[in-house]
Amino acid sequence: MAIDEQLNDNGTARTAHDAPETGITPGGTTGAFRDVLSKDHARRGKPPLHFADMTPDERIAKAGELGLPKFRVKQLANHYYGHFDVNAAEFTDFPAAKRDEAAAEFFPELIHEVTRQVADQGATIKTLWRLFDGSHIESVLMRYPTRTTLCISSQVGCGMGCPFCATGKLGLTRNMSAGEILEQVRVAARMMRDGEVAGGPGRLSNIVFMGMGEPMGNYRSVLSAVRQISAMPPEGFGISARNITVSTVGVVPGIRKLTAEGIPVRLAVSLHAPSDELRDELVPMNKRFNTTQVLDAAHDYFLASKRRVSIEYALMRGINDQAEHARLLAKRLNHYGDNWAHVNPIPLNPIEGSRWTASKPEDEARFLEILHAAGITATLRDTRGQDIDGACGQLAAKTKEAFERRDGAEG
C-alpha cells in the first residue's frame with residue numbers, strides 16, 4: 001500500500017506518519033507475512049500529476065494558473081472522459097494559444113506503449129506499457145460476443161509472493177497513480193471505439209482489476225480509479241460499477257473498507273486453496289489473514305452489496321485440483337448457506353520453467369462436477385492468450401530480464 005495510504009487491521013486508513021517505509025499491508029515488516037519487494041522498490045518517484053489525479057478544485061486552480069476560466073476545465077473533462085482524447089493540439093473548441101500548455105499541464109504522458117501481442121484471431125490484445133520511471137506493466141483487452149473486458153494493472157509488480165504467479169516473481173516496485181491506472185482504460189476504450197479490435201467498432205463494457213499488483217495494496221488510487229471509471233461523462237468513463245471487478249488475494253482490511261464504500265463493484269477473492277495448510281504455501285498472505293477471516297469478510301461483502309462474490313481458484317496439477325479439494329471448498333462455501341459465491345476454476349497459465357502446471361482436463365471436469373453436485377455455482381474460466389505470454393506478468397518479467405541482461409553486459 002502506498003506510504004501515505006495504509007490500512008489498520010480495522011480497515012481505517014493510517015496516516016503518512018504512521019505508515020512504515022516498506023510493506024503494503026498491515027504488519028508488512030513484521031510477523032508471519034512480509035511483502036516481497038523488488039530490488040528497485042526504494043526508487044520511488046512520483047509520476048507526473050495528471051488531470052485524472054486532480055480534484056475538481058485542483059483542476060480549476062491549475063486552469064487559473066494558466067489564465068483559463070473555470071468552464072475550460074469541463075471542456076477538458078469532456079475530451080478526456082467523453083472522447084478518450086488527450087491530444088489538445090486538436091481541441092478545436094479550446095483557445096489555440098493555450099492548447100500546448102494545457103496538454104503539458106493536464107495530460108502528461110503516463111503510459112507509453114512498448115509492444116502488443118495479439119491472440120484469439122485479434123480478439124485478445126495484450127499491451128506492455130512503459131511508465132515514466134522505466135517500469136513496465138501490462139493490460140489485456142478481451143472481446144467476447146456480448147462484452148469487452150479490460151484487465152488492468154494497479155501496481156508495478158506485486159508484493160504478495162504467490163509462487164505460481166509471474167508477477168509475484170517480480171516483487172513490488174511501487175504503487176501506480178490513479179492516472180496511470182485510468183490511462184489503461186482510456187486507451188482501451190478508444191481502441192474499441194475506433195475498431196482496432198477484431199469485430200469492428202464497439203464499446204468497452206467491463207473492467208477487472210486482475211492485472212499486475214494487489215489492488216487492496218493500492219487502495220486509494222484504485223478507489224479513485226473505480227469512481228472515475230463508473231461516473232458518467234464528464235466526470236468519468238460511464239462504465240457501470242456493476243461491470244467493475246476488484247480482486248484481492250485476501251487483504252481483509254481492504255475488503256472491509258471496500259464494503260463500507262457502498263459501491264456495487266464485484267469482489268473477487270483469489271482463494272486457490274480450501275485449507276489453511278495448503279493456502280499457506282500457495283498464497284503467503286494467508287499467514288496474515290487466514291481462510292476463515294478472508295471468507296468471513298467476503299461473505300459480509302455479499303451481505304452488504306447483495307452481489308455474489310467471485311472465488312478465483314487457479315487449478316494446479318496434483319496440488320489443489322483433486323476431489324478432496326473440491327469437496328472441502330464446497331463445504332467451506334456452503335457453511336454460509338446462502339448461495340453467496342460463484343467459483344471460477346481457472347486453468348493455470350503456467351510460467352515457463354515452473355513446477356506449477358495446468359490440471360488435467362479430466363481433473364478439471366471432476367472438480368466442477370463436485371462443486372455443482374454440492375449446489376455451488378461454478379464456471380470454468382475461459383483462458384485467453386494461450387498463444388502469447390498469457391499469464392499476468394510474463395511479458396513484463398521477460399522484458400525486465402532482457403533489460404537486466406543488457407545492463408549487465410554493458411556494465
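For the atom pair NE2 (H272) and CG (L282), the distance works out to 8.0 Å, reported to the nearest 0.5 Å. Between I239 atom CD1 and S230 atom OG the span is 9.0 Å, to the nearest 0.5 Å. Considering OG1 of T149 and OH of Y144, their distance stands at 6.0 Å, rounded to 0.5 Å. Taking CD1 from I376 and NZ from K331, the interatomic distance works out to 13.0 Å, rounded to the nearest 0.5 Å. In this structure, CG in D53 is found 7.0 Å from OG in S224, a value given to the nearest 0.5 Å. Separation of atoms CD (E364) and CD (E369) is listed at 12.0 Å; rounding is to 0.5 Å.
Cation-pi geometry between R186 and F237 is not satisfied (NZ or CZ under 6.0 Å from the ring centre, within 45° of the ring normal). For the pair R307 and Y301, the cation does not sit on the ring face, since its NZ or CZ is not both under 6.0 Å from the ring centre and inside 45° of the axis.
For the pair L141 and T127, the minimum side-chain heavy-atom distance is 4.5 Å or more. Counting heavy atoms from C-beta on, the side chains of F209 and I181 come closer than 4.5 Å. When side chains are defined from C-beta on, I207 does not count as touching N243, because their heavy atoms never get closer than 4.5 Å. Proximity of V246 to V226: side-chain heavy atoms (C-beta onward) are separated by under 4.5 Å at one or more points. At least one side-chain heavy atom of E101 sits less than 4.5 Å from a side-chain heavy atom of K98.
Between the R317 side chain and the A358 main chain, a donor and an acceptor come within less than 3.5 Å of each other. Counting only distance, with no hydrogens or angles, the side chain of T124 and the backbone of M142 share no donor-acceptor pair below 3.5 Å. Of the possible donor and acceptor atoms, one in the side chain of W340 sits under 3.5 Å from a partner among the backbone N and O of L333. Of the possible polar contacts, none joining the H342 side chain to the I311 backbone as a donor-acceptor pair under 3.5 Å is found. R99 places a side-chain N or O within donor-acceptor distance of the main-chain N or O of F94, the cut-off being under 3.5 Å. Not one N or O on the side chain of E105 forms a donor-acceptor pair closer than 3.5 Å with the backbone of A102. The backbone N or O of V252 sits nowhere less than 3.5 Å from a side-chain atom of Q293 that would complete a donor-acceptor pair. Listed for the N78 side chain is no donor-acceptor partner under 3.5 Å among the backbone atoms of H83. Checked by atom type and distance alone, the side chain of N320 never pairs as donor or acceptor with a backbone atom of H325 at under 3.5 Å. The backbone N or O of D93 lies less than 3.5 Å from a partner atom in the side chain of Q75, making a donor-acceptor pair.
Using a cutoff of 4.0 Å between basic side-chain nitrogens and carboxylate oxygens, R116 and E196 are scored as salt-bridged. Between E281 and K287, no side-chain nitrogen of the basic residue sits less than 4.0 Å from a carboxylate oxygen of the acidic one, so the salt-bridge criterion is not met. A salt bridge does not link K74 to E235: none of the charged side-chain nitrogens sits closer than 4.0 Å to a carboxylate oxygen. For D85 and R190, the salt-bridge test fails: no basic side-chain N is under 4.0 Å from an acidic carboxylate O.
At a cut-off of 3.5 Å, with distance as the only test, a side-chain donor of H299 or D338 sits close to an acceptor on the other residue. Side-chain contact annotation: T291 with D276, donor-acceptor N/O pair under 3.5 Å present. No side-chain donor from either of S305 and R266 sits under 3.5 Å from a side-chain acceptor of the other. No side-chain donor from either of R130 and S135 sits under 3.5 Å from a side-chain acceptor of the other. Between the side chains of S177 and S221, no donor N or O sits under 3.5 Å from an acceptor N or O. A donor-acceptor pair shorter than 3.5 Å cannot be found between the side chains of S247 and E312.
Side-chain rings of Y313 and F367 approach one another, their centers coming within less than 6.0 Å. For Y80 and H50, the distance between ring centers is under 6.0 angstrom.
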Intermediate values then yes/no, side-chain hydrogen bond (donor to acceptor under 3.5 Å, both in side chains), Q155 and N175: CA-CA 5 Å; Q155 292 181 318; N175 284 327; 2.8 Å; yes
side-chain contact (heavy atoms from CB on, under 4.5 Å) assessment of F132 paired with K46: CA-CA 9 Å; F132 82 99; K46 283 192 173 183; 5.6 Å; no
E261/R256 under salt bridge (Lys or Arg N to Asp or Glu O under 4.0 Å): CA gap, chis, key distance, verdict: CA-CA 9 Å; E261 302 286 355; R256 298 289 187 195; over 6 Å; no
Verdict with supporting geometry, R174 and S38, side-chain hydrogen bond (donor to acceptor under 3.5 Å, both in side chains): CA-CA 9 Å; R174 68 171 175 87; S38 77; over 6 Å; no
Worked check of side-chain contact (heavy atoms from CB on, under 4.5 Å) between M212 and L170: CA-CA 10 Å; M212 297 174 66; L170 295 172; 3.6 Å; yes
Salt bridge (Lys or Arg N to Asp or Glu O under 4.0 Å) assessment of R143 paired with D120: CA-CA 9 Å; R143 188 169 197 162; D120 305 310; over 6 Å; no
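Aromatic ring pairs are classed by plane angle as parallel below 30°, tilted from 30° to 60° and perpendicular above 60°; the pair F107 and F51 is tilted.
Counting non-hydrogen atoms of other residues, nucleotides and ligands closer than 6.0 Å to CD of E113 gives a total above 12.
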